[in-house]
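In what follows, chains are A, B, ... by sequence order, proteins preceding strands, each numbered from 1. Treat the numbers as computed from the prediction; the structure is a model and nothing was measured.
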Amino acid sequence: MQDPEKLKKSWEFRRAYQKGNKYWNRYFVIYVLRNHFNRLRLGITVSKKVGKSVQRNRVKRLIRESFRELRTQVEVGYDIVVVGRTPACRLACQETQNALAQLFQKAAIFNGSRQRGGNWNEN
RNA sequence: UGGGUUGAAUAGAUAGUCGCGUCUUGAUCGGAAUUUACCAGUGAGAUGAGGAAAGUCUGGACUCCGUAGGGCAGGAUGCUCGGUAAACCCAAGGAGCGGUGACACUAUGGAAAGUGUAACAGAAAGUAGACUACAACAAUAAGGCGAUUUGUGGAACUAUGUAAACCUCAUCUGGAACAAGGUAAAUAGCGGACAAUGUAGAUGUGCCUGUCUCAUCCCCAGGUAACCGCUUGAGAUGGACGGUAACAUCCAUUCCAGAUGAAUGAUCAUCAUAUACAGAAUCCGGCUUAUUCUUAACUCAAGUC
RNA sequence: GCCCCCGUCGUCUAGCCUGGCCAAGGACACCGCCCUUUCACGGCGGCGACACGAGUUCAAAUCUCGUCGGGGGUA
């Protein structure tokens with residue numbers, strides 16, 4: 001994951017929280033917002049409520065690794081913020097990937113799901 | 001065999017594939033451009049968390065501020081002697097106390113410098129009545145060391161606990177804490193307060209004496225996270241030698257994370273089945289706490305010979 | 001990263017500095033009874049806490065140390 005594909009600034013996160021679409025399940029919350037860079041950018045948030053630094057780092061790594069696998073299937077031009085929730089620190093990698101894929105499916109940002117997803121969003 | 005005490009050591013290993021941080025290096029296109037340098041991507045190689053990285057409880061180093069010098073206050077430590085850069089650390093010995101024992105624990109000077117305080121119980125509670133012998137009298141319990149009456153003789157200032165109560169004695173002690181601090185770039189100032197040689201202000205830094213300045217200070221507004229500090233160090237490993245030990249000296253070898261929205265993960269195979277506590281953020285010495293596996297010495301109990 | 005502060009009934013607090021009278025007080029809440037046709041108000045009674053573990057002391061909510069938890073500050 002290269003530098004221009006990370007979200008870093010505090011205002012970038014705040015913009016995603018306020019203007020983005022929100023989807024969640026038991027393990028993660030994601031905020032999805034269209035951007036104008038024609039790039040896919042990822043931000044990760046894991047709060048102190050999740051656990052100590054080992055747990056938090058593990059969650060971040062799981063998200064990063066899963067996203068690496070999934071990114072080829074996702075359409076470019078979105079900012080995505082993933083928030084880890086407490087149960088996520090007990091997941092294995094494959095489960096993380098499934099959970100994230102489920103959320104991306106909901107958000108309808110996979111390649112080829114655009115038509116269907118657009119309608120879904122408007123509803 | 002079971003329990004206990006103390007110490008030592010380990011923190012999965014090997015191999016493959018994909019992915020990430022840093023460093024070195026090669027080539028090439030893109031930005032930029034007279035060229036180099038610079039920026040971004042890319043190939044190869046090297047390297048990449050801990051014994052506690054944690055808690056932030058301590059001792060220092062680096063850095064800045066302050067500082068002629070001194071006094072007072074405040075704070076810290078508290079048997080003796082050594083080790084160390086230093087220490088609320090470590091080692092050895094003494095004393096006290098706990099334990100059947102191995103062993104462990106101790107902020108371990110001073111109560112005859114002074115002050116305070118001693119609940120409940122008890123008729124009465126501490127600076128005098130309390131020492132001793134004999135005799136007399138009706139006298140016990142509670143209570144924390146200590147208990148009272150009378151007569152005679154003797155003795156002659158003896159006198160509880162508490163100083164992790166105030167205190168006293170000895171030794172030590174400036175403040176901040178890498179978000180310290182430095183370099184470069186960018187930028188915009190406006191308003192207010194206050195004075196005449198003893199006032200005012202500063203010195204963000206306990207107070208005073210003192211010192212310094214004679215223009216500064218305060219408020220509001222604006223602007224910025226680029227680089228350095230940043231890892232070669234009281235370093236690590238091995239050996240020799242001195243010392244009861246902590247530790248010291250000498251020699252040889254070696255370079256072992258350096259991020260900044262913050263790097264270690266995924267998958268598979270074998271060893272045998274498999275990993276607890278837990279993630280560097282300026283750097284070291286210690287303490288405390290969390291926790292996995294192995295092992296040694298000693299001790300207690302029971303049984304067998 | 002660095003530096004501080006705070007933990008007392010269900011909730012908000014007093015007591016801590018200066019140890020004993022603390023079997024820890026008060027308010028609201030909760031429970032029961034009385035009052036009322038009933039509810040509310042009012043009256044009476046009850047329930048209920050010193051974060052945890054050591055140490056000092058005859059005696060600790062209070063003093064000291066260590067853990068645990070919570071909160072704050074910091075260009």
J.: Which atom pairs link the protein and nucleotides 50-56 of chain B when you take only N or O atoms and keep those under 3.5 Å?
T.:
none

J.: Is the glycosidic angle of C:C12 within 90° of 0, making it syn, or outside that range, making it anti?
T.: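 Anti, which is what one calls it when the glycosidic angle falls more than 90° from 0.
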J.: Who is the Watson-Crick or G-U wobble partner of B:U36, with both distances under 3.5 Å?
T.: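 When the pairing criteria are applied, nothing turns out to pair with B:U36, so the answer is none.
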J.: Name the pairing partner of B:G7, where a pair is Watson-Crick or G-U wobble with both distances under 3.5 Å, or state none.
T.: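 By the stated definition (distances under 3.5 Å), B:U295 pairs with B:G7.
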J.: Determine if the base of B:G51 is syn or anti; take syn to mean the glycosidic torsion is within 90° of 0.
T.: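 B:G51: syn glycosidic orientation.
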J.: Whom does B:A177 pair with, Watson-Crick or G-U wobble, provided both distances fall under 3.5 Å?
T.: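 Because no pair has both required distances under 3.5 Å, B:A177 counts as unpaired.
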J.: Applying side chain to side chain contact (heavy atoms under 4.5 Å, CB included), name anything that partners A:Glu95, two or more places apart in sequence or on another chain.
T.: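 So A:Glu95 forms a side chain to side chain contact (heavy atoms under 4.5 Å, CB included) with A:Leu91, A:Ala92.
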J.: Please state whether the base of B:G279 and the side chain of A:Arg58 form at least one donor-acceptor pair under 3.5 Å?
T.: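 Result: no qualifying N/O pair found.
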J.: Does any nucleotide pair with B:U254 by Watson-Crick or G-U wobble geometry, both distances under 3.5 Å, and what is it?
T.: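 Pairing partner, where one exists within any strand: B:G235.
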J.: Looking at the side chain of A:Asn57, which of B:G19, B:A49, B:U264 is the nearest nucleotide?
T.: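 For A:Asn57, the side-chain atoms sit closest to B:A49.
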J.: Looking only at atom P, what distance separates B:A52 and B:U47, rounded to whole Å?
T.: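 My reading of the P atoms in B:A52 and B:U47 gives 26 Å.
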J.: Donor-acceptor pair, A:Lys106 side chain versus A:Trp24 backbone, under 3.5 Å?
T.: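 At least one qualifying donor-acceptor pair exists.
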J.: The criterion is side chain to side chain contact (heavy atoms under 4.5 Å, CB included); which residues satisfy it with A:Arg61, sequence neighbours excluded?
T.: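 With sequence neighbours excluded, A:Arg61 shows a side chain to side chain contact (heavy atoms under 4.5 Å, CB included) to A:Asn57, A:Arg64, given in chain and number order.
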J.: I want to confirm an ordering. Mapping A:Gln94 and A:Thr45 to their closest nucleotides on RNA chain B, which one lands closer to the 5' end?
T.: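 Result: A:Thr45.
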J.: Should B:A301 form a Watson-Crick or G-U wobble pair with both distances under 3.5 Å, which nucleotide is its partner?
T.: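 B:U1 is the nucleotide pairing with B:A301.
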J.: Rounded to whole Å, please give me the gap between CD in A:Glu69 and C1' in B:A266.
T.: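 For the pair A:Glu69 CD and B:A266 C1', the rounded distance is 7 Å.
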J.: Who are the side chain to side chain contact (heavy atoms under 4.5 Å, CB included) partners of A:Gln97, not counting sequence neighbours?
T.: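 With neighbours one apart ignored, the set is A:Ser66, A:Glu69, A:Leu70, A:Gln94.
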J.: In chain order, what residues pass the ring-ring contact (aromatic ring centres under 6.0 Å, His included) check against A:Tyr31, with sequence neighbours excluded?
T.: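 A:Tyr17.
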J.: With both distances under 3.5 Å as the test, what is the Watson-Crick or G-U wobble partner of B:A266?
T.: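 In the structure as shown, B:A266 has B:U17 as its Watson-Crick or wobble partner.
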J.: Given side chain to side chain contact (heavy atoms under 4.5 Å, CB included), test A:Tyr23 with A:Val32 step by step and report yes or no.
T.: CA-CA 8 Å; A:Tyr23 309 94; A:Val32 179; 4.3 Å; yes
J.: With Watson-Crick and G-U wobble geometry limited to distances under 3.5 Å, how should the secondary structure of RNA chain C be encoded in dot-bracket form, using | for bases paired to another strand and [ ] for crossing pairs?
T.: (((((((..((((......[....)))).(((((.......)))))....(((((..]....)))))))))))).
J.: Does the structure show a Watson-Crick or G-U wobble partner for B:A112, both distances under 3.5 Å? Name it, or say none.
T.: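 Pairing partner: none.
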J.: What does B:C230 pair with, Watson-Crick or G-U, if both distances are under 3.5 Å?
T.: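 With both distances under 3.5 Å required, B:C230 matches none.
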